K.L.:
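The following block contains the structure, expressed as structure tokens.
All of these numbers come straight from a predicted model, not from anything done at the bench. By convention in this document, chain letters (A, B, ...) are assigned in the order of the sequence lines, proteins followed by strands, and residues within each chain are numbered from 1.
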There are 2 protein chains.
Amino acid sequence: MELAVKQDIASHIRQAGLRPTRQRLALGDLLFTGQHRHVTAEILHQEARDVTEHVSLATVYNTLHQFTEAGLLREVNVTGTKSFFDTNTREHHHFYLEKEDMLIDIDKDKMELSGLPTPPEGTSVEQVDVIIRLKKD
Amino acid sequence: MELAVKQDIASHIRQAGLRPTRQRLALGDLLFTGQHRHVTAEILHQEARDVTEHVSLATVYNTLHQFTEAGLLREVNVTGTKSFFDTNTREHHHFYLEKEDMLIDIDKDKMELSGLPTPPEGTSVEQVDVIIRLKKD
DNA sequence: ATTTGTGCAAATCGTTTGCATCTGA
DNA sequence: TCAGATGCAAACGATTTGCACAAAT
């Protein structure tokens with residue numbers, strides 16, 4: 001990992017109130033360098049194994065949740081059995097290809113929700129998820 | 001269970017191409033009599049235990065999936081770890097109360113999606129899920 | 001009689017936890 | 001130094017599977 005990139009990611013992580021440890025830097029590099037992506041813990045763990053000394057799966061989970069908490073990632077649930085984490089935290093929506101079990105971003109201005117209904121008394125909107133499930137035809 | 005209701009449910013199940021067994025009738029009764037509801041396998045299993053002789057959890061899962069397959073139910077995924085099944089299969093959306101881990105229906109005409117984006121070549125839309133996550137404030 | 005469904009227990013998958021050890025500020 | 005982070009293995013919750021037995025047509 002280049003020095004410039006490393007420091008970029010380190011400050012990213014510090015801004016989240018987390019220590020830039022070796023593991024977080026490695027995962028941050030995989031997540032925040034280059035294109036936006038949708039990863040599962042499993043996938044990220046695999047990738048980390050390929051490029052760095054060692055990161056445990058538990059640490060991958062910890063880190064994904066900490067990053068999400070800090071607003072660096074966004075969790076996306078499409079199946080009842082696992083989670084994706086999206087490096088794009090801007091408001092946008094998703095196609096979900098069931099067969100391939102993969103997500104595709106939908107540009108925010110490609111689709112609009114007209115008039116969110118008023119949430120029940122005492123609650124407020126935290127996040128809006130729109131998932132368009134696709135099948136092969 | 002009354003006879004009239006029983007036969008109603010039996011035909012419901014037959015229309016789905018399934019045999020109206022004791023277990024399916026019991027579950028169908030819990031699901032399709034009265035108000036629309038959002039159930040988990042666990043909850044339905046509990047309820048079934050209270051009103052009938054015996055239904056195994058595996059059968060509850062089988063049945064929920066068969067009913068879903070047949071268009072009698074709709075699966076809703078809000079967390080990465082479990083599924084809800086909605087007895088309302090009309091197009092509509094959901095509030096999700098994270099704290100209580102429960103769903104609330106949003107009437108279809110309370111919110112509109114303007115212009116679904118065109119799905120990628122070779123795919124077509126199977127289902128559109130809109131979930132508005134709510135937090136207590 | 002044949003096909004379909006069911007129950008049970010074991011297996012699986014994704015995820016979380018407890019705790020001893022290590023590491024960054 | 002010492003709060004915070006990590007690794008490991010065990011625990012966990014939801015779901016699925018394999019297979020012998022039972023029930024529906």
K.L.:
What is the separation between atom CG on B:Leu64 and atom C1' on C:dG5, rounded to the nearest whole Å?
P.N.:
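Distance check: B:Leu64 CG to C:dG5 C1' gives 15 Å.
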
K.L.:
What is the distance, rounded to the nearest whole Å, between atom CG of B:Leu44 and atom P of D:dA14?
P.N.:
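Nearest whole value for this atom pair: 15 Å.
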
K.L.:
Considering every strand and a 4.0 Å limit on heavy-atom distances, what is the contact class for B:Thr40: base, sugar-phosphate, or nothing?
P.N.:
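Nothing, no heavy atom under 4.0 Å.
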
K.L.:
D:dT15, D:dG7, C:dT6: which one has an atom nearest the side-chain heavy atoms of B:Lys82?
P.N.:
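The answer is D:dT15, which lies nearest to the side chain.
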
K.L.:
Can A:Asp86 and A:His92 be counted as having a side-chain donor-acceptor contact under 3.5 angstrom?
P.N.:
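Looking only at side-chain atoms, A:His92 and A:Asp86 do form a donor-acceptor pair, the distance falling under 3.5 Å.
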
K.L.:
Any idea which of D:dT15, D:dC8, C:dG7 is nearest the B:Ser83 side chain?
P.N.:
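Given the options D:dT15, D:dC8, C:dG7, the side chain of B:Ser83 is closest to D:dT15.
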
K.L.:
Can you identify which nucleotide, out of D:dT6, C:dC8, C:dT15, has its nearest atom closest to the A:Leu57 side chain?
P.N.:
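Of all the options, the side chain of A:Leu57 is nearest to C:dT15.
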
K.L.:
State the NE2-CZ distance between A:His54 and A:Arg49, to the nearest 0.5 angstrom.
P.N.:
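A:His54 atom NE2 to A:Arg49 atom CZ measures 5.5 Å (nearest 0.5 Å).
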
K.L.:
Is the A:Phe85-A:Tyr61 ring centre distance short of 6.0 angstrom?
P.N.:
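Between A:Tyr61 and A:Phe85, which both carry aromatic rings, the centre distance is not below 6.0 Å.
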
K.L.:
Quick check on C:dG7: is either OP1 or OP2 less than 4.0 Å from any side-chain nitrogen or oxygen of B:Gln23?
P.N.:
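Indeed, a polar side-chain atom of B:Gln23 lies that close.
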
K.L.:
Give B:His45 one of three labels, base, sugar-phosphate or nothing, depending on what nucleic acid heavy atoms sit under 4.0 Å from its own.
P.N.:
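Touches nothing.
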
K.L.:
For D:dC8, take OP1 and OP2 only and decide whether either is under 4.0 Å from a side-chain N or O of A:His54.
P.N.:
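Result: yes.
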
K.L.:
Whole angstrom is fine here: how far is it from CD in A:Glu75 over to P in C:dT16?
P.N.:
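Distance, rounded to whole Å: 8 Å.
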
K.L.:
By nearest nucleotide on DNA chain D, pick out whichever of A:Arg22 and B:Leu18 is the more 5' one.
P.N.:
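Residue closer to the 5' terminus by nearest nucleotide: A:Arg22.
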
K.L.:
Can you tell me how far C1' of D:dT6 sits from CG of A:Leu25, to the nearest Å?
P.N.:
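In whole Å, D:dT6 C1' and A:Leu25 CG are 14 Å from each other.
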
K.L.:
Will you find, in the side chains of A:Ser83 and A:Glu75, an N or O donor that is under 3.5 Å from an N or O acceptor?
P.N.:
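The criterion, which ignores hydrogens and geometry beyond distance, is satisfied for A:Glu75 and A:Ser83.
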
K.L.:
Between B:His65 and D:dT16, does any side-chain N or O lie under 4.0 Å from OP1 or OP2?
P.N.:
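For D:dT16, OP1/OP2 do have a side-chain N/O of B:His65 under 4.0 Å.
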
K.L.:
Any ion pair linking B:Asp129 and B:Arg74 (charged N to carboxylate O, less than 4.0 Å)?
P.N.:
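Salt bridge: yes.
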
K.L.:
Measure from CD on A:Glu69 to P on C:dT16 and round the result to the nearest Å.
P.N.:
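For the pair A:Glu69 CD and C:dT16 P, the rounded distance is 12 Å.
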
K.L.:
Check this one for me: any side-chain N or O of B:Ser56 less than 4.0 Å away from OP1 or OP2 of C:dC8?
P.N.:
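Indeed not, no polar side-chain atom of B:Ser56 lies that close.
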
K.L.:
Is the distance from OP1 or OP2 of D:dT15 to the nearest side-chain N or O of B:Tyr61 less than 4.0 Å?
P.N.:
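Checking B:Tyr61 against D:dT15: at least one side-chain N or O falls below 4.0 Å of OP1 or OP2.
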
K.L.:
When the distance from CZ of B:Arg14 to P of C:dG5 is rounded to whole Å, what number comes out?
P.N.:
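Answer to the nearest Å: 13 Å.
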
K.L.:
Under 4.0 Å from OP1 or OP2 of C:dT6: is there any side-chain N or O of B:Arg24 that close?
P.N.:
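It does, given that an N or O in the side chain of B:Arg24 lies less than 4.0 Å from OP1 or OP2 of C:dT6.
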
K.L.:
Any idea which of C:dT6, C:dG7, C:dG24 is nearest the B:Thr21 side chain?
P.N.:
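Taking heavy atoms from C-beta onward, the closest nucleotide is C:dT6.
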
K.L.:
Look at the side chain of A:Arg19 and decide which nucleotide, out of D:dA3, C:dG7, D:dT6, has an atom nearest to it.
P.N.:
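Nearest listed nucleotide: D:dA3.
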
K.L.:
Where the side chain of A:Ala41 is concerned, which of C:dT15, C:dT6, D:dG7 is the nearest nucleotide?
P.N.:
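Nearest to the side chain of A:Ala41 among the choices is C:dT15.
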
K.L.:
The side chain of A:Thr81 is closest to which nucleotide in this list: D:dT25, C:dG7, D:dT15?
P.N.:
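Shortest atom-to-atom distance from the side chain points to D:dT15.
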
K.L.:
What is the distance, to the nearest angstrom, from the CZ atom on A:Arg49 to the P atom on D:dC8?
P.N.:
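For the pair A:Arg49 CZ and D:dC8 P, the rounded distance is 8 Å.
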
K.L.:
Closest nucleotide of DNA chain C for A:Glu42 versus for A:Ala58: which of these residues is on the 5' side?
P.N.:
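The residue closer to the strand's 5' end, by nearest nucleotide, is A:Glu42.
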
K.L.:
Do the two ring centres, one from B:His36 and one from B:His38, sit under 6.0 Å apart?
P.N.:
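Ring-ring flag for B:His36/B:His38: false, centres at least 6.0 Å apart.
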
K.L.:
Give me the distance, rounded to whole Å, that separates C:dG14 from C:dA10 when you measure between the P atoms they each carry.
P.N.:
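These two P atoms come out 23 Å apart once rounded.
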
K.L.:
Whole Å only: how far is the CD atom of A:Gln46 from the C1' atom of C:dG14?
P.N.:
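About 14 Å, once rounded to whole Å.
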
